[in-house]
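As structure tokens, the structure follows; a few thoughts come after it.
In what follows, residues are counted from 1 in the order of the sequence shown.
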Amino acid sequence: VRALVLGRALAQAAAGIALGTAGALALARLLEGQLYGVAATDPPTLGAAAALLAVTALAAGYLPAVKASRVDPSVALREE
């Protein structure tokens, strides 16, 4: 159960990372004026942002995964 919940959280994070990276690269010229000392297409910066988002998604999905793994399936089905 934990793997299922964490997998879904990371899948959503991966979709967000892909769309965000594509959007940042597409809008790089507009972003250049907002950034000081860093290029909008700087690979270490984009990688660090992606890694931070992935770690945050993993942390956010861990507590619900632990709670879901402690519930007895027969009790959950009976209450619904």
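Pairs of residues two or more places apart, or lying in two chains, that qualify as side chain to side chain donor-acceptor pair (under 3.5 Å) and include a residue from residues 42-54 are Asp42-Thr45. Applying the side chain to side chain donor-acceptor pair (under 3.5 Å) test to pairs two or more places apart or on separate chains, none has a residue in residues 7-25. Legend: side chain to side chain donor-acceptor pair (under 3.5 Å) pairs involving residues 58-71, not counting sequence neighbours, sorted by first then second residue: Arg2-Ser69.
To the nearest 0.5 Å, atoms CD1 (Ile17) and CG (Leu52) are separated by 9.5 Å.
Scanning all heavy atoms of the two residues, the minimum distance from Leu6 to Ala65 falls at CG-CB, 4.1 Å. Summarising the geometry of Leu10 relative to Ala54, their closest heavy-atom pair is CD2-O, 3.9 Å, with the distance given to 0.1 Å. In terms of heavy atoms, Ala9 sits closest to Gly61 at CB-CA, 4.3 Å. Shortest non-hydrogen contact noted between Gly16 and Leu53 is C-CD2, 4.4 Å. The nearest pair of heavy atoms linking Val5 to Ala68 is CG2-CB, 4.4 Å.
Hydrophobic cluster membership of Leu30, counting Ile, Leu, Val, Met, Phe, Trp and Tyr whose side-chain heavy atoms lie under 4.5 Å apart directly or via other members: Leu27. In this structure, Leu25 shares a hydrophobic cluster with Leu46, the cluster being traced through Ile, Leu, Val, Met, Phe, Trp and Tyr side chains under 4.5 angstrom apart.
With sequence neighbours excluded, no residue forms a side chain to side chain donor-acceptor pair (under 3.5 Å) with Thr56.
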